[in-house]
K.L.:
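First the structure, which I've put down as structure tokens, then a few questions once you've had a look.
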Amino acid sequence: MVSRAETAAATRRSLIRAASELLDEGGPDAVTLRAVGARAGVSRGAPYGHFPSKEHLLTQLAVDAWSSLADAAERLRADDTLSVDTRLERAVLTLIEVCRRQPHLYALMFSTPASTPDAAEAASRVEDLFLAVVADVVGRSSAPRYAALLMASAHGIAGMENSGHLPKESWQVGVDQLVRMLVESIRPRTGDAGTGSPSDPPE
């Protein structure tokens with residue numbers, strides 16, 4: 001027999017799935033609690049029992065997206081069959097891929113206020129794992145600034161590609177190659193692993 005808690009959890013999952021679909025189809029404006037309830041096939045009042053407002057529901061979508069990204073980064077870091085450079089390249093490309101597949105969700109992830117506790121916690125998990133992947137390449141002391149460089153660069157690449165301003169025929173370089181160039185640019189010189197990179201900025 002299905003318990004009340006199990007039924008509520010299933011309804012919540014259906015609502016989140018419906019909201020994700022509506023977001024992909026029409027952006028945040030398409031996500032209303034009434035539309036989500038209709039898409040999920042529940043009663044009109046059901047969404048309000050799980051989410052006080054549309055903003056709470058959108059925040060949950062952002063939290064789930066950050067959590068999925070963290071899970072992917074965790075799997076990458078645990079994959080011993082890949083070199084540290086390849087793991088870092090794939091971690092950067094994973095973020096860009098979210099923008100490729102779900103641009104509205106990607107925008108939501110970066111527009112949700114960092115002060116929102118759940119979103120901040122989920123984003124911090126991504127940051128910590130990304131720092132660890134970067135540290136495997138450049139060392140722990142250099143990781144924060146190079147992680148920031150890579151994250152900002154990935155964000156720029158994703159935005160330019162999504163808006164059509166990064167055509168390979170014009171720039172003579174693809175996204176994968178750009179990411180590879182970025183990783184190569186921060187790789188320490190032989191004998192310098194863990195102490196910095198060829199272009200450490202001044203403190």
Side-chain angles (χ1 to χ4, degrees), residues 2-76 90-127 129-130 150-168 170 174-176 178-179:
V2 179
S3 68
R4 181 176 297 181
E6 290 171 330
T7 299
T11 298
R12 185 181 177 86
R13 287 193 298 271
S14 296
L15 292 169
I16 291 172
R17 183 167 55 251
S20 180
E21 292 171 357
L22 288 167
L23 180 68
D24 287 345
E25 292 169 8
D29 289 345
V31 182
T32 66
L33 291 180
R34 178 173 293 186
V36 168
R39 174 68 66 94
V42 299
S43 66
R44 181 174 296 183
Y48 298 89
H50 292 270
F51 301 99
S53 67
K54 166 182 174 173
E55 287 68 32
H56 283 83
L57 178 51
L58 289 174
T59 296
Q60 186 61 56
L61 293 181
V63 169
D64 289 350
W66 282 115
S67 296
S68 294
L69 197 59
D71 290 343
E74 201 164 51
R75 289 191 297 271
L76 269 175
R90 292 192 182 181
V92 174
L93 286 168
T94 297
L95 176 64
I96 294 173
E97 188 60 30
V98 176
C99 187
R100 284 173 168 169
R101 294 194 326 266
Q102 296 175 282
H104 292 301
L105 178 61
Y106 182 87
L108 180 65
M109 290 167 65
F110 285 94
S111 63
T112 301
S115 58
T116 306
D118 289 346
E121 182 180 349
S124 291
R125 183 174 164 229
V126 172
E127 290 170 8
L129 285 163
F130 190 65
L150 289 169
M151 186 71 77
S153 298
H155 192 53
I157 290 170
M160 286 186 68
E161 183 187 43
N162 193 49
S163 62
H165 290 292
L166 196 61
K168 186 174 182 179
S170 296
V175 170
D176 287 16
L178 279 173
V179 171

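Note: hydrogens, waters and symmetry copies are ignored here, and every other heavy atom, side chains too, is used.
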K.L.:
Quick one: pull up CZ in Phe51 and CG in Leu15 and give me the separation to the nearest 0.5 Å.
P.N.:
6.0 Å
K.L.:
Looking at residues at least two apart in the chain, or sitting in another chain, which of them share a side-chain hydrogen bond (donor to acceptor under 3.5 Å, both in side chains) with Glu97?
P.N.:
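For Glu97, the residues satisfying side-chain hydrogen bond (donor to acceptor under 3.5 Å, both in side chains) (neighbours in sequence not counted) are Arg100.
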K.L.:
Kindly state each residue pair satisfying side chain to side chain donor-acceptor pair (under 3.5 Å) with at least one member in residues 104-113, sequence neighbours excluded.
P.N.:
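Only Tyr106-His155 qualify under side chain to side chain donor-acceptor pair (under 3.5 Å).
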K.L.:
Using every non-hydrogen atom in the two residues, find where Ala72 and Thr94 come nearest and quote the distance to one decimal.
P.N.:
CB-CG2, 4.0 Å
K.L.:
Are more than 12 heavy atoms from other residues, nucleotides or ligands located less than 6.0 Å from atom CZ of Arg4?
P.N.:
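No, not enclosed.
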K.L.:
Restricting to non-hydrogen atoms, name the atom on Phe130 and the atom on Leu150 that form the minimum distance, rounded to 0.1 Å.
P.N.:
CZ-CB, 3.9 Å
K.L.:
What pair of heavy atoms forms the shortest contact from Arg125 to Ser67, and how long is it?
P.N.:
NH1-O, 3.6 Å
K.L.:
Check whether any side-chain heavy atom of Pro47 sits under 4.5 Å from a side-chain heavy atom of Leu57, and report yes or no.
P.N.:
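Side-chain contact under 4.5 Å: no.
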K.L.:
Could you list the residues that satisfy side-chain hydrogen bond (donor to acceptor under 3.5 Å, both in side chains) with Arg12, not counting sequence neighbours?
P.N.:
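Here the qualifying residues are Gln60.
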K.L.:
Any chance you could measure Leu23, atom CG, to Leu58, atom CG, to the nearest 0.5 Å?
P.N.:
7.0 Å
K.L.:
According to salt bridge (charged side-chain N to carboxylate O under 4.0 Å, His left out), does anything in residues 31-44 pair up with another residue at least two apart or in another chain? List the pairs.
P.N.:
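Qualifying pairs: Glu21-Arg39, Glu25-Arg39.
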K.L.:
Take Met151 and Leu95 through the test side chain to side chain contact (heavy atoms under 4.5 Å, CB included) and record every step on the way to the result.
P.N.:
CA-CA 9 Å; Met151 186 71 77; Leu95 176 64; 3.4 Å; yes
K.L.:
Step by step, work out the side chain to side chain contact (heavy atoms under 4.5 Å, CB included) result for Leu129 and Leu76.
P.N.:
CA-CA 10 Å; Leu129 285 163; Leu76 269 175; over 6 Å; no
K.L.:
Taking atom CZ of Arg90 and atom CZ of Arg75, what is their separation to the nearest 0.5 Å?
P.N.:
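Interatomic distance, Arg90 CZ to Arg75 CZ, rounded to 0.5 Å: 12.5 Å.
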K.L.:
Indicate the atoms forming the closest heavy-atom contact of Ser14 with Ala40, along with that distance.
P.N.:
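Shortest heavy-atom contact: O-CB, 3.8 Å.
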K.L.:
Taking Met109's backbone N and O only, do any of them form a donor-acceptor pair with Trp66's side chain (distance below 3.5 Å, no angle check)?
P.N.:
yes
K.L.:
Quick one: closest heavy-atom pair of Val31 and Ala19, and the distance?
P.N.:
CG2-O, 3.8 Å
K.L.:
Asp176: which residues meet the side-chain hydrogen bond (donor to acceptor under 3.5 Å, both in side chains) condition with it, sequence neighbours left out?
P.N.:
none
K.L.:
Side chains of Ser170 and His165: does their closest heavy-atom pair fall under 4.5 Å?
P.N.:
no
K.L.:
Calculate, to the nearest 0.5 Å, the distance between atoms CG and CG belonging to Asp29 and Leu22 respectively.
P.N.:
12.0 Å
K.L.:
Would you mind listing every salt bridge (charged side-chain N to carboxylate O under 4.0 Å, His left out) that reaches into residues 46-66, with sequence neighbours excluded?
P.N.:
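Every pair satisfying salt bridge (charged side-chain N to carboxylate O under 4.0 Å, His left out) with a residue in residues 46-66: there are none.
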K.L.:
Between atom OG of Ser3 and atom CD of Glu6, what is the distance when rounded to the nearest 0.5 Å?
P.N.:
3.5 Å
K.L.:
As a quick check of understanding, evaluate side chain to side chain donor-acceptor pair (under 3.5 Å) for Ser53 and His56, giving each step before the final call.
P.N.:
CA-CA 5 Å; Ser53 67; His56 283 83; 2.8 Å; yes
K.L.:
Measure the CD-CD1 distance between Glu161 and Ile96 for me, rounded to the nearest 0.5 Å.
P.N.:
7.0 Å
K.L.:
Could you report the tightest heavy-atom contact between Leu108 and Leu61, atom names first, then the distance?
P.N.:
CD2-CB, 3.9 Å
